[in-house]
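Take a look at the structure below.
Excluded from the calculations below are hydrogen atoms, water molecules and symmetry mates; all remaining heavy atoms, backbone and side chain alike, are included. By convention here, the first residue in the shown sequence is residue 1. Note that the structure is predicted; figures quoted are calculated from it, not measured.
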Amino acid sequence: MLIWPLPALLTWALAWAVFLGLRAAGLGAVAAFVPALLVSGLPAWTGRTPWRRVFMLGGFPLSLLASGAAGGLPGWVWLLPLALLLALYPLNTWRDAPLFPTPAAALKGLAQKAPLPEGAQVVDAGCGLGAGLIALHSEYPLARIFGLEWSWPLTLLCALRCRFARVRRADIWAADWSGFDMVYLFQRPESMARAMEKATAELQPGAWLVSLEFDAVGWKPKARLETVAGKPVWLYQAPLQH
């Protein structure tokens, strides 16, 4: 929620603080550089566009190079920012939505619009750091909550954050949706047609597809919810209807 470029400046400051602190503690340049880069990776991932994430992640190593303090670093170290970015944002996810956390109140009232029985299976397809899982768990405390995420660092962090859910690394488009009573998505307009095609083929009658912000053009929603301005929630129930 910070005004740009304040997130970038704070990310760079954090990385520099870690680097200088570790150097003062007696660590070598490489030993200090790697954790400083890793620490800056998480806030960098919150950038609202891919270019902002690159900018936030690359600012520390580039400023380190420009300062002359990187003289003790071998050449291969400069591949680490790219490797970290690819780990957080793998190539095959570039066509999907970037990391946009579900607003805390966006799903409030979802259980009234789409009631589920105790023990129902609910999945956040592309769970990121778990904001959507937390919102779903709040609405369906007696449901079995699952998270699918392709980025392995985000999968690990989400699993640690959301102990109530079963989080695993998976391609949401290859995973089988047929066993879920509700599939929750926060995708992008370009991928909604693909989501509806998959839901039509795999969701059992009565199961729900829930999309935050973006509707499926040409498909008839069962209900609509909007508790956060500009973030409508579109509810589709199988069998899906044009």
**Message:** Set out, in order, the CA-CA distance, both residues' side-chain angles and the distance that settles side chain to side chain contact (heavy atoms under 4.5 Å, CB included) for Val210 and Val183, then state yes or no.
**Reply:** CA-CA 6 Å; Val210 177; Val183 177; over 6 Å; no

**Request:** Find the distance between CG (Leu116) and CD (Glu118) and round it off to the nearest 0.5 Å.
**Result:** 12.0 Å

**Asked** Quick one: does Met196's side chain get under 4.5 Å of Leu209's, heavy atoms only?
**Response** yes

**Item:** Where Thr11 and Pro43 come nearest, the two heavy atoms and their spacing
**Value:** OG1-CB, 3.6 Å

**Request:** Report yes or no: is the cationic atom of Lys222 (NZ for Lys, CZ for Arg) closer than 6.0 Å to the six-membered ring centre of Trp208, at no more than 45° off its axis?
**Result:** no

**Request:** Considering non-hydrogen atoms only, spot the tightest contact between Lys108 and Leu225 and give its length.
**Result:** O-CD2, 3.4 Å

**Prompt:** Which atom pair, heavy atoms only, marks the closest approach of Val233 to Ala106?
**Reply:** CG2-O, 3.4 Å

**Asked** Is there a side-chain contact between Lys231 and Leu212, using heavy atoms and a 4.5 Å cut-off?
**Response** yes

**Message:** Is there a side-chain contact between Phe60 and Val39 in this structure, where contact means two heavy atoms from C-beta onward sitting under 4.5 Å apart?
**Reply:** no

**Request:** Please check if the side chain of Lys198 supplies one atom and the backbone of Trp173 the other of a donor-acceptor pair under 3.5 Å.
**Result:** yes

**Request:** Check whether any side-chain heavy atom of Leu110 sits under 4.5 Å from a side-chain heavy atom of Leu136, and report yes or no.
**Result:** yes

**Message:** Working note: Val167 + Cys127, criterion side chain to side chain contact (heavy atoms under 4.5 Å, CB included); need CA distance, chi angles, decisive distance, verdict.
**Reply:** CA-CA 8 Å; Val167 181; Cys127 56; 4.0 Å; yes

**Prompt:** Where the side chain of Gln121 meets the backbone of Ala143, is there a donor-acceptor pair that is under 3.5 Å apart?
**Reply:** no

**Request:** Name the orientation class of the two ring planes belonging to Phe19 and Trp16 (parallel below 30°, tilted from 30 to 60°, perpendicular beyond 60°).
**Result:** perpendicular

**Request:** Side-chain contact test, heavy atoms from C-beta onward, threshold under 4.5 Å: evaluate it for Cys158 versus Glu149 and give yes or no.
**Result:** no

**Request:** Would you check if Val123 and Trp177 make a side-chain contact, meaning some heavy-atom pair closer than 4.5 Å?
**Result:** no

**Request:** May I have the step-by-step check of side chain to side chain contact (heavy atoms under 4.5 Å, CB included) for Val122 and Arg144, ending in yes or no?
**Result:** CA-CA 6 Å; Val122 178; Arg144 298 172 62 192; over 6 Å; no

**Item:** Side chains of Tyr184 and Ser211, donor plus acceptor under 3.5 Å
**Value:** no

**Min side-chain heavy-atom separation Leu148-Asp124 under 4.5 Å** = no

**Asked** In Å and rounded to the nearest 0.5 Å, what is the CD to CH2 distance from Glu213 to Trp234?
**Response** 11.0 Å

**Fill in**
Sorted by chain and number, sequence neighbours left out, side chain to side chain contact (heavy atoms under 4.5 Å, CB included) with Ile134 holds for Arg161, Cys162, Phe164

**Donor-acceptor pair between Trp150 and Thr155 side chains, under 3.5 angstrom** = no

**Asked** So, does Arg163 use its side chain to make a donor-acceptor pair with the main chain of Leu160 at under 3.5 Å?
**Response** yes

**Message:** If hydrophobic clusters are built by linking Ile, Leu, Val, Met, Phe, Trp and Tyr wherever their side-chain heavy atoms come under 4.5 Å apart, do Val30 and Leu64 end up in the same one?
**Reply:** yes

**Request:** Provide the closest heavy-atom pair for Ile172 versus Ala125 in the form atom of the first, atom of the second, distance.
**Result:** CG2-C, 3.6 Å

**Prompt:** Mind checking whether Leu20 and Leu27 sit in one hydrophobic cluster, side chains of I, L, V, M, F, W, Y counted as touching below 4.5 Å?
**Reply:** no

**Prompt:** Ser40 versus Leu57: any side-chain heavy-atom pair under 4.5 Å?
**Reply:** yes

**Request:** Could you pull out the closest heavy-atom pair between Arg168 and Ala175, with the gap in Å?
**Result:** NH2-CB, 4.2 Å

**Leu129 reachable from Leu156 in the ILVMFWY side-chain graph, under 4.5 Å edges** = no

**Item:** Distance (rounded to the nearest 0.5 Å) between Trp219 CH2 and Glu197 CD
**Value:** 8.5 Å

**Message:** Strictly distance-based, threshold 3.5 Å: is any side-chain N or O of Thr227 a donor or acceptor partner for the main-chain N or O of Ala105?
**Reply:** yes

**Request:** Determine the minimum heavy-atom distance between Leu235 and Ala114, stating which atoms define it.
**Result:** CD2-CB, 3.7 Å

**Item:** Qualifying residues under side chain to side chain contact (heavy atoms under 4.5 Å, CB included), relative to Ala8, sequence neighbours excluded
**Value:** Trp4, Trp12, Phe55, Met56

**Asked** Sub-3.5 Å donor-acceptor pair from the side chain of Gln237 to the main-chain atoms of Gly206, do we have one?
**Response** yes

**Request:** Could you tell me if the ring centre of Phe180 sits under 6.0 Å from that of Phe146?
**Result:** yes

**Prompt:** Is a side-chain donor or acceptor of Asp215 paired with a backbone partner of Val217 at a separation under 3.5 angstrom?
**Reply:** no

**Asked** Does the Glu226 side chain pair with the main chain of Gly230, one donor and one acceptor, at a distance under 3.5 Å?
**Response** yes

